[in-house]
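Accompanying notes for the structure given below.
Since this is a predicted model, take the numbers as computed values, not measurements. Just so you know, these numbers use all the heavy atoms, side chains as well, and skip hydrogens, waters and symmetry mates.
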Amino acid sequence: MRAISRARWEALAAYCRKPLAQALLHELAWFEADGERIVATLVVDTDNEYSGIILARDRLERFRWVGGTGYFDTPEDALADLNRKILDLLPNLEEERVQGDESGRAVDFFTPLVASTKLHPHFRTISSGNEFSAAREIISAMMRWHEDVDGNFVEQFQTTGFDTRVWELYLFAVLTEAKLEVAHPKPAPDFLARGLNGEFAMEATTINPSMGGDGRLSTPPRPQTDEEREAYFLHYLPIRYAGPLTTKLGKEYWKRPSAAGKPLAFAIQDFHGVMSMTYSGSALPIYLYGRTQDAQHDEEGKLAITSAEIVEHRWGNKVVPSGFFALPGAENVSAVIFNGGGTITKFNRMGVSAGFGSNNVVLIRRGTAWDPDPNASTAVPFLHVVSEGYPETWIEGMDVYHNPNALHPLDSDLLPGAAHHRLRADGQIETTSMGWKLITSATTTLTFSAD
């Protein structure tokens with residue numbers, strides 16, 4: 001029996017936890033045995049008794065309960081019993097790991113289902129080689145728990161829907177980290193998340209590259225002057241967000257049995273251009289609330305925010321009304337969620353943090369974070385070298401924009417660690433965030449020879 005990090009345990013086994021068990025038990029340490037054929041945790045319960053929980057991969061390669069210890073007054077006694085129980089299980093593990101409810105085959109995202117010429121270039125990059133080996137390995141642990149409701153997830157992950165499917169995997173990881181039990185209802189929405197503080201439905205969507213009249217991908221605008229940049233952020237980007245959000249609004253998910261009477265959130269990611277998710281996020285609240293926010297310092301150096309209404313967004317011949325949350329039917333949408341960092345690069349960092357991936361790869365992360373000074377108007381730069389134990393969470397960088405008109409408001413406690421934004425009566429946006437708040441980042445991947 002060998003100790004492992006909490007991050008490693010979370011990557012391997014977090015998906016089998018139940019919210020009630022997490023409320024009654026506090027995990028103290030984590031272990032593996034026999035090359036991670038078994039993982040285990042030492043816990044203490046509400047009666048201050050210590051015990052151990054043992055998990056092994058079932059026939060679908062998902063870690064599930066196969067045994068436990070008795071209850072003890074000291075952690076030392078519980079650990080000794082845990083080690084004995086693991087040693088007793090190992091000789092018959094092939095039989096003991098069978099749960100009896102497995103059906104079908106283990107989910108496999110990485111064995112190609114189509115010809116190599118049809119594979120998405122990003123899928124080809126992560127499915128082999130060292131550069132994204134950490135992402136590949138952490139996804140391999142996660143994928144065993146995936147439920148392919150539509151029957152085409154794996155094929156789309158490998159081909160035309162790579163970005164969209166990565167975004168959905170990211171959301172699954174976030175909900176699991178938030179100690180929520182996740183279901184994939186059929187028909188949609190994509191997720192139903194339940195916890196001790198309540199439940200909510202979530203539908204994922206993405207902004208994808210535009211197609212030109214000739215059937216080829218069109219190149220996004222590249223503003224050069226200050227005036228062009230202002231128009232780009234005030235009009236072009238909000239229009240790009242409006243497309244998928246109003247399409248989802250028209251689906252009326254709140255009328256589906258799984259979402260009726262519950263908070264409903266739309267989770268959107270921007271893939272319309274190269275690295276577009278790293279800079280377009282500031283345009284989202286403009287469109288959602290129909291307001292701009294201008295920051296200026298007064299004569300005493302104090303930060304003053306001025307809010308102004310914007311009625312519509314215009315770009316070329318396209319005109320879109322601003323204020324998504326004020327649209328008819330939008331009162332049924334409790335919040336819109338965004339995280340510019342919810343990409344395959346985050347999976348790579350989280351994988352490295354959990355001890356996955358090649359030792360010949362080094363990740364360097366640069367970016368900006370919020371300055372906690374109430375009079376600051378610029379972000380704080382940072383530079384991190386990512387290594388095992390790097391203190392990143394899945395929810396880091398997530399923004400939750402709450403609908404002031406929501407019929408079923410979303411409880412912020414369901415997504416702890418996110419930045420929660422609400423429109424005040426004076427038109428300004430109030431933000432609550434715990435701890436370090438990421439604004440944007442980019443990661444450089446360096447691969448070195450093993451010699």
Exercise: identify the closest heavy-atom pair between Gly427 and Ser307: O-OG, 2.7 Å
Sole residue of Ile429, Leu245, Val333, Asn403 in side chain to side chain contact (heavy atoms under 4.5 Å, CB included) with Leu288: Leu245
Enclosure of His122 NE2 (heavy-atom neighbours >12, cutoff 6.0 Å): no
side-chain hydrogen bond (donor to acceptor under 3.5 Å, both in side chains) between Thr206 and Arg165, intermediate numbers included: CA-CA 10 Å; Thr206 55; Arg165 296 315 194 184; over 6 Å; no
Plane angle bin for Phe172 and His184 - parallel if under 30°, tilted between 30 and 60°, otherwise perpendicular: tilted
4.5 Å side-chain heavy-atom contact, Leu28 and Val43: no
Contact summary for Leu237 and Ala283, nearest pair of heavy atoms: CB-CB, 3.5 Å
Validation row, ring centre Tyr289 to ring centre Phe325 under 6.0 Å: yes
Any side-chain heavy-atom pair of Arg422 and Ser412 under 4.5 Å: yes
Intermediate values then yes/no, side-chain contact (heavy atoms from CB on, under 4.5 Å), Phe324 and Tyr241: CA-CA 10 Å; Phe324 174 80; Tyr241 279 105; over 6 Å; no
Shortest non-hydrogen separation from Glu396 to Leu438 and the atoms involved: OE2-CD2, 4.1 Å
Parallel, tilted or perpendicular, as decided by the 30° and 60° cut-offs, for the rings of His384 and Trp436: tilted
Atom of Arg57, atom of Leu12 and distance for their closest heavy-atom approach: NH2-CD2, 4.2 Å
Approximate separation, where rounding is to 0.5 Å, of Glu312 CD and His235 NE2: 8.5 Å
Distance, nearest 0.5 Å, that separates CD of Gln269 from CD1 of Ile337: 12.0 Å
Side-chain donor-acceptor contact under 3.5 Å, Tyr15 with Arg144: no
Cation-pi check, Arg6 onto Trp30 ring (under 6.0 Å, within 45° of axis): no
Closest non-hydrogen atom pair between Phe200 and Leu180, with its separation: CE2-CD1, 3.9 Å
Interatomic spacing from NE2 in His146 to CD in Glu168 - rounded to 0.5 Å: 7.5 Å
Mutual orientation of the aromatic rings belonging to Phe162 and Phe123 [parallel < 30°, tilted 30-60°, perpendicular > 60°]: perpendicular
Separation of Arg124 CZ from Gln158 CD (nearest 0.5 Å): 11.5 Å
From Asp413 atom CG to Leu196 atom CG, the distance as rounded to the nearest 0.5 Å: 11.5 Å
Verdict with supporting geometry, His313 and Ile286, side-chain contact (heavy atoms from CB on, under 4.5 Å): CA-CA 10 Å; His313 305 283; Ile286 296 175; 3.9 Å; yes
Derivation and outcome, side-chain contact (heavy atoms from CB on, under 4.5 Å), residues Ile207 and Ile268: CA-CA 7 Å; Ile207 308 175; Ile268 189 167; 3.9 Å; yes
Residue Glu230 excluded, over 12 heavy atoms near CD under 6.0 Å: no
Worked verdict on Asp399 versus Lys437 for salt bridge (charged side-chain N to carboxylate O under 4.0 Å, His left out): CA-CA 10 Å; Asp399 292 294; Lys437 171 64 176 77; 3.4 Å; yes
Interatomic spacing from CD in Glu137 to CE in Met142 - rounded to 0.5 Å: 13.5 Å
Asn359 CG: over 12 foreign heavy atoms closer than 6.0 Å: no
Mutual orientation of the aromatic rings belonging to Phe109 and Phe157 [parallel < 30°, tilted 30-60°, perpendicular > 60°]: tilted
Side-chain touch Glu177/Thr393, heavy atoms, less than 4.5 angstrom: yes
Stepwise side-chain contact (heavy atoms from CB on, under 4.5 Å) test for His420 and His402: CA-CA 7 Å; His420 292 269; His402 292 260; 2.8 Å; yes
